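Report on one structure; see the data block that follows.
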Amino acid sequence: MPKLKTHKGTAKRFSLTKTGKVKRNHMLRNHILSKKTTKRKRNLRKTGYAAAANAPTLKQLLPYA
C-alpha cells in the first residue's frame with residue numbers, strides 16, 4: 001500500500017492532541033480588529049476543538065500527525 005499524503009492546508013490549521021482530539025484556532029482574528037472588543041479578541045486567542053462530527057475527516061487528512 002502506498003504512503004498517504006498529508007493535506008497541507010489541514011496541517012497548517014489543525015493539530016492533534018495526545019488524546020486524539022483535533023485542536024484548532026478561532027477565526028475572525030486577522031484583520032478589522034478595531035471594531036472588535038478587547039474581551040472578544042482575548043477570547044479568540046484561545047484554542048478550540050473541532051466538532052466531533054468533523055474530527056474523523058480531519059484525522060484522515062492528517063495521517064501521520
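Heavy atoms only: backbone and side chains are in, while hydrogens, waters and symmetry mates are out. Predicted model only: the values in this text are computed from it and were never measured. Each residue takes its place number in the sequence, starting with 1.
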Donor-acceptor pair, Tyr64 side chain versus Leu4 backbone, under 3.5 Å?
yes
For residues 41-49, which side-chain N or O atoms pair as donor and acceptor with protein atoms under 3.5 Å away, sequence neighbours left out?
unit_1	atom_1	unit_2	atom_2	d
Lys41	NZ	Leu33	O	3.3
Asn43	OD1	Lys46	NZ	3.2
Asn43	ND2	Lys39	O	3.3

Enumerate, atom names and distances included, each donor-acceptor pair closer than 3.5 Å involving a side-chain atom of residues 52-63, sequence neighbours excluded.
unit_1	atom_1	unit_2	atom_2	d
Lys59	NZ	Gly20	O	2.8

Rounded distance [0.5 Å steps], NE2 in His7 versus CZ in Phe14
10.5 Å
Test: side chain to side chain donor-acceptor pair (under 3.5 Å). Region: residues 21-38. Which pairs qualify, not counting sequence neighbours?
none
